[in-house]
Novice: 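This structure is in structure tokens; I'll ask about it shortly.
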2 protein chains.
Amino acid sequence: MVAMSLHHPSREDLEVATVLHALSDPQRLRIVTRLAGAEEPCSCGGFGLEVTKSTLTHHFRVLREAGVIAQRPVGTSKFNSLRREDLDARFPGLLDAVLSAAPAPVTSAAP
Amino acid sequence: MVAMSLHHPSREDLEVATVLHALSDPQRLRIVTRLAGAEEPCSCGGFGLEVTKSTLTHHFRVLREAGVIAQRPVGTSKFNSLRREDLDARFPGLLDAVLSAAPAPVTSAAP
DNA sequence: TCGTTGGTACGACGACCACCGTACCAAATA
DNA sequence: TATTTGGTACGGTGGTCGTCGTACCAACGA
């Protein structure tokens, strides 16, 4: 099987309740904050979350299916990025408000 | 027994994940939108939600305990109001973003 | 070729959630 | 006093959620 290529909801299908739900979990909030901090897309690991791989997969899927992040498969890994433009277009100011409200994520951008 | 007078979290205890979760339900989103529309506090009924009284009580409690609304008992009824100032202070722009993102609530204040 | 790495699929478990019905209460009104 | 009104408390039901472990797969490096 080739891809089954990761379903992403289109911009106009984003629903505010779904997005808010995706953002209402501390772990996912952490992921999103990290993603917002790093300008380049980054893979699923290395977020320093203390959960297992399967749980990570779950959280990333919830975020993707809500339309909060985009996932692009690259080799054996996956690039995750925030869907800033889409979110800003549909829900102006929401992402920024959430990001500035969220507790600082220890910015592991290690030196 | 007198009051047990409705616990409201103080401003500095508001948590963004909890607030987002409270707002991530369609019914509660509707309540909040209505509350934002009507400048005066209003009682729990009359929101036109198609759920039973007990479910209404549940949703209002979730909103109150998250710090989204304030409930003040008045006679046999209760006045609900949005905690705008507190929310704006802790999470600037969040409430406005959610309100403008939320689907219009049939604005029973028909033009 | 073998092991490692990054990720998925599936099944399970306990916790929580939205919703309901019933019973109940206090205030206002008749 | 009896009734209505606006709301709470409790218990239950079905569904979803967060988490995990195990098994698995594809790509890469030794």
Side-chain angles (χ1 to χ4, degrees), chain A residues 1-8 15 17-32 34-35 38 40-66 68-81 108, chain B residues 1-8 15-32 34-35 38 40-66 68-81:
Chain A
M1 259 268 104
V2 177
M4 195 181 149
S5 68
L6 285 319
H7 175 251
H8 293 75
E15 290 187 22
T18 309
V19 169
L20 291 176
H21 171 251
L23 295 174
S24 74
D25 179 87
Q27 308 278 17
R28 290 195 290 263
L29 212 39
R30 230 161 280 155
I31 293 176
V32 168
R34 286 289 182 81
L35 241 28
E40 311 127 16
C42 41
S43 78
C44 292
F47 277 79
L49 301 197
E50 293 180 350
V51 290
T52 59
K53 288 196 299 177
S54 17
T55 305
L56 259 201
T57 298
H58 165 70
H59 284 313
F60 276 96
R61 178 170 39 218
V62 170
L63 287 171
R64 172 173 48 79
E65 291 180 346
V68 176
I69 68 172
Q71 293 190 291
R72 186 165 41 97
V74 170
T76 165
S77 166
K78 232 165 210 135
F79 278 178
N80 301 280
S81 54
S108 85
Chain B
M1 262 257 107
V2 176
M4 197 183 146
S5 68
L6 286 317
H7 175 250
H8 294 76
E15 290 187 22
V16 66
T18 309
V19 169
L20 290 176
H21 170 252
L23 295 174
S24 73
D25 179 89
Q27 309 276 16
R28 291 194 290 262
L29 212 39
R30 230 160 281 155
I31 293 175
V32 169
R34 287 288 181 82
L35 240 28
E40 311 128 15
C42 40
S43 79
C44 292
F47 276 78
L49 302 196
E50 292 180 351
V51 289
T52 59
K53 286 197 298 177
S54 18
T55 304
L56 259 199
T57 298
H58 164 68
H59 284 313
F60 276 96
R61 177 169 42 218
V62 171
L63 287 171
R64 172 173 47 81
E65 290 180 348
V68 177
I69 67 171
Q71 294 190 289
R72 186 166 42 96
V74 170
T76 163
S77 166
K78 232 165 209 135
F79 278 177
N80 300 281
S81 54

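The chains referred to below are lettered A, B, ... by the order of the sequence lines, with proteins before strands, and numbering in each begins at 1.
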Novice: Give every donor-acceptor pair under 3.5 Å between a side-chain atom in residues 46-56 of chain B and any protein atom, sequence neighbours left out.
Specialist:
residue : atom : partner : partner atom : Å
B/T52   : OG1  : B/T55   : OG1          : 3.1

Novice: Expressed as a whole number of angstroms, how long is the span from A/H7:NE2 to C/dT8:P?
Specialist: 16 Å
Novice: With sequence neighbours left out, what residues match A/S43 under side chain to side chain contact (heavy atoms under 4.5 Å, CB included)?
Specialist: A/S77
Novice: Could you tell me how far apart A/L6 (CG) and C/dA9 (C1') are, to the nearest whole angstrom?
Specialist: 14 Å
Novice: Has B/R64 got a side-chain atom pairing as donor or acceptor with B/H7's backbone, closer than 3.5 angstrom?
Specialist: yes
Novice: Which heavy atom of A/A22 sits nearest to which heavy atom of A/V68, and what is that distance?
Specialist: CB-CG2, 4.3 Å
Novice: In chain order, what residues pass the side chain to side chain contact (heavy atoms under 4.5 Å, CB included) check against B/H58, with sequence neighbours excluded?
Specialist: B/R28, B/V62
Novice: Could you go over nucleotides 17-20 of chain D and give all protein N or O partners under 3.5 Å, atom names and distances?
Specialist:
residue : atom : partner : partner atom : Å
D/dG18  : OP1  : A/R28   : NH1          : 3.4
D/dG18  : OP1  : A/R28   : NH2          : 2.7
D/dG18  : OP2  : A/R28   : NH1          : 3.2
D/dG18  : OP2  : A/H58   : NE2          : 3.2
D/dT19  : OP1  : A/Q27   : NE2          : 3.4
D/dT19  : OP2  : A/H59   : NE2          : 2.4
D/dC20  : OP2  : A/T52   : N            : 3.0
D/dC20  : OP2  : A/T55   : OG1          : 3.3

Novice: Can you name the closest pair of heavy atoms from B/I69 and B/Q71 and give their distance?
Specialist: CD1-CG, 4.0 Å
Novice: May I ask you to evaluate whether A/S43 reaches the phosphate of C/dG7, defined as a side-chain N or O under 4.0 Å from OP1 or OP2?
Specialist: yes
Novice: In whole angstrom, give the distance that lies between atom CG of B/L56 and atom P of C/dC19.
Specialist: 10 Å
Novice: Measure NZ/A/K53 against P/C/dT4 and give the value in whole Å, please.
Specialist: 13 Å
Novice: Output the rounded distance in Å from CD (A/E65) to C1' (C/dT8).
Specialist: 13 Å
Novice: Check A/L23 against A/L29 and note the closest heavy-atom contact, atom names and distance.
Specialist: O-CD1, 3.4 Å
Novice: Output the residues of residues 69-78 of chain A in contact with DNA chain C, where contact means a heavy atom of the residue under 4.0 Å from an atom of the strand; sort by number or write none.
Specialist: A/T76, A/S77, A/K78
Novice: Measuring to OP1 and OP2 of C/dG7, would you say a side-chain N or O of A/T57 lies under 4.0 angstrom away?
Specialist: no
Novice: For A/D25, enumerate each residue passing the side-chain hydrogen bond (donor to acceptor under 3.5 Å, both in side chains) test, keeping only those at least two apart in sequence or located in another chain.
Specialist: none
